[in-house]
Protein chains: 2
Amino acid sequence: MSKLYHVLEFAKLAGVTVRALHHYDRLGLLKPNRTETGYRLYYLRDLERLEQIVALKFLGIPLKQIRHMFERSTSAMSDSLQMQRRVLEEKRRLLDSAIRAIEEAEKSTAPGNRPDSAILKKIIEVIEMQDNMDWSKKYYSEEAQAKMEERKKLWSPENQERWSKEWSDLFRDVEAALGEDPASARAQALAARWKKLVEGFTGGDQQITAGLGKMYQDRPNWPANMQQRMQPFSNKKVWEFIQKAFAAGKTAS
Amino acid sequence: MSKLYHVLEFAKLAGVTVRALHHYDRLGLLKPNRTETGYRLYYLRDLERLEQIVALKFLGIPLKQIRHMFERSTSAMSDSLQMQRRVLEEKRRLLDSAIRAIEEAEKSTAPGNRPDSAILKKIIEVIEMQDNMDWSKKYYSEEAQAKMEERKKLWSPENQERWSKEWSDLFRDVEAALGEDPASARAQALAARWKKLVEGFTGGDQQITAGLGKMYQDRPNWPANMQQRMQPFSNKKVWEFIQKAFAAGKTAS
DNA sequence: CTTGACTCTGACGTTACGTCAGGGTTGAAC
DNA sequence: GTTCAACCCTGACGTAACGTCAGAGTCAAG
């Protein structure tokens, strides 16, 4: 004599709301029997189904897809779950990133009540940094990544700022010297400045330098926002000039 | 002569869609100038604002709230961020739980293509288990938690099943013996079975036993679904009877 | 027969845009 | 001067999973 439940009763039993049961009913996920007057009547076996729905929902699977999984009883479950796991892992990455961004901002603005704009700036900075790190990871060896993690500590916003400015200056200066002989003293001085700035990033480490090289070669595949930021440095002649200058420097020495 | 941008241009610059800019405009988050014919015109300084919006959105803060943060320029930023961090950390907990549930299910059903229902059962089981663990954590000391983590490995679904059934049986038997003398042989036998089942969970460990005790004392504060599951064991007379039996056992020995 | 506790359906609200649809604007080519 | 592609505008519906009324019927007890 398997007991019969009315909505509210059944909802409490399963820990969901009456409205949710209505919803699942309409979506065809869980269609209970009805009394003559239209009241919904649930059996105990409906509870099992409902628990499955709630579980799959907890995994972030949309209701429509849950229905599909029930209908085409073909064992698509395993595949769906695998896919869903990947989706969730990706979400977790973003979540972690957001949490870390807030943590960093809280840490670096802890002393006193800094203005909102300063906090925001820090947050944007951290997010961009993580974005870059995450994306550029694939160019660097494990070892190089570890070393960069170390060197990251030296990258205060001020250093960052100064480094960017020096690159801009240098690039402008090289552009102005494009007519020169790459072996000339002026060109060699520019090449030296260039080398120094690169080393400011690599710390002279071979592994990091190698990764940087790979990344540079892969320019066409950089994401849009990266290309955007590199646009002021896109003048190919400058890069060629510097390469020639390095070559000239080597043969000379 | 700060450059002027049309929507599409500006959208590309910032890495968002035109529709998003429309949306922010309507919500009053970022209201650009207009040409005489109604075209939106963005200045470079609008980019800063937009980047802030995108950053805060990345942190999961709703657009309405972002607008509030901009409007009442009172430094509510810090507080909002702290709150948001908590929200995100909670989300992450649930995400982790979901991912682990899928992982466990994949692991335990890896050998061959088990039917969907079996996979689902496993998932529900894992979710419930994590739910319980998470919630009951507060009753146990660090040490006890570690030991339980160890003991968890012994908890196969079959053992679980058997243990549940034995509790049901025992409870029924005690109920049937409520009229007996707690010091009688029959009562003492029941008490012994009871002790054994408890030890099946605690492993005889003092720390775990202490935590279990704390949890039992706090019954009124258990979450609804827990109370539900414990409902078959809610007969107070049974608990009192067993306590008396234990007491009688001690004085006797 | 009244009343309180339930139940039903229908419909709008929420979030952050995506996606048309119908209709102007602009600048360059013809 | 016109045409045409490429943009731009506003308005409106769609999405996911229910929450929250609103108006109206049902049920069991007194």
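If you take CG of B:Asp25 and C1' of D:dC8, they are 13 Å apart, rounded to a whole angstrom. Between the CZ atom of A:Arg67 and the P atom of D:dC18 there is a distance of 15 Å, given to the nearest Å. Between B:Gln65 atom CD and C:dT14 atom P there is a gap of 16 Å when expressed in whole angstrom units. Distance CD (B:Glu36) to C1' (C:dT25): 12 Å, rounded to an integer number of Å. If you measure from atom OH of A:Tyr5 to atom P of C:dT7, you get 14 Å, rounded to the nearest angstrom. Counting to the nearest Å, the P atom of C:dT15 and the NZ atom of B:Lys64 are 5 Å from each other. Atom CG of A:Leu30 is separated from atom P of D:dA17 by 15 Å (rounded to the nearest Å). B:Ile53 has its CD1 atom 10 Å from the P atom of C:dC17, to the nearest Å.
Applying the 4.0 Å criterion to OP1 and OP2 of D:dA12, one finds that B:Arg26 has every side-chain N and O outside that range. One finds a side-chain N or O of A:Arg34 lying less than 4.0 angstrom from the OP1 or OP2 phosphate oxygen of C:dT9. For D:dC18, one of the phosphate oxygens OP1 or OP2 lies less than 4.0 angstrom from a side-chain nitrogen or oxygen of A:Lys57. Applying the 4.0 Å criterion to OP1 and OP2 of D:dC18, one finds that A:Tyr24 has a side-chain N or O inside that range. Residue A:Arg40 places at least one side-chain N or O under 4.0 Å from the OP1 or OP2 atom of C:dC8. Applying the 4.0 Å criterion to OP1 and OP2 of C:dT26, one finds that B:Thr37 has a side-chain N or O inside that range.
Within the 4.0 angstrom heavy-atom criterion, base atoms lie near A:His22. Among the heavy atoms of the strands lying under 4.0 Å from A:Thr17 are primed sugar atoms or P, OP1, OP2 only; no base atom is included.
Side-chain atoms of B:Arg19 come within donor-acceptor range of the base of C:dT19, with a qualifying N/O pair under 3.5 Å.
Contact check on B:Lys236 versus B:Glu240 returns no salt bridge, with no Lys/Arg side-chain nitrogen under 4.0 Å from an Asp/Glu carboxylate oxygen. Between B:Glu125 and B:Lys122 there is a salt bridge, with a side-chain nitrogen of the basic residue lying less than 4.0 Å from a carboxylate oxygen of the acidic one.
No more than 12 heavy-atom neighbours from other residues, nucleotides or ligands sit within 6.0 angstrom of CE on B:Met83.
Place A:Thr35 and A:Leu21 on DNA chain D by their nearest nucleotides, and A:Leu21 ends up nearer the 5' end.
Nearest nucleotide to the B:Tyr39 side chain, out of D:dC7, C:dT15, D:dA17: D:dC7. Relative to the side chain of A:Leu63, the nucleotides D:dC7, C:dC17, D:dC18 differ in distance, and D:dC18 lies closest. The side chain of A:His23 has D:dC18 as its nearest neighbour among C:dC8, D:dC18, D:dC8.
Looking at A:Glu51, its side chain never comes within 3.5 Å of a backbone N or O of B:Ile124 through a donor-acceptor pair.
Note: A:Trp155 and A:Phe201 have perpendicular aromatic rings, judged against thresholds of 30 and 60 degrees for the angle between ring planes. The aromatic rings of B:Trp239 and B:Tyr216 lie parallel to each other, their planes meeting at an angle below 30°, with 60° marking the opposite boundary.
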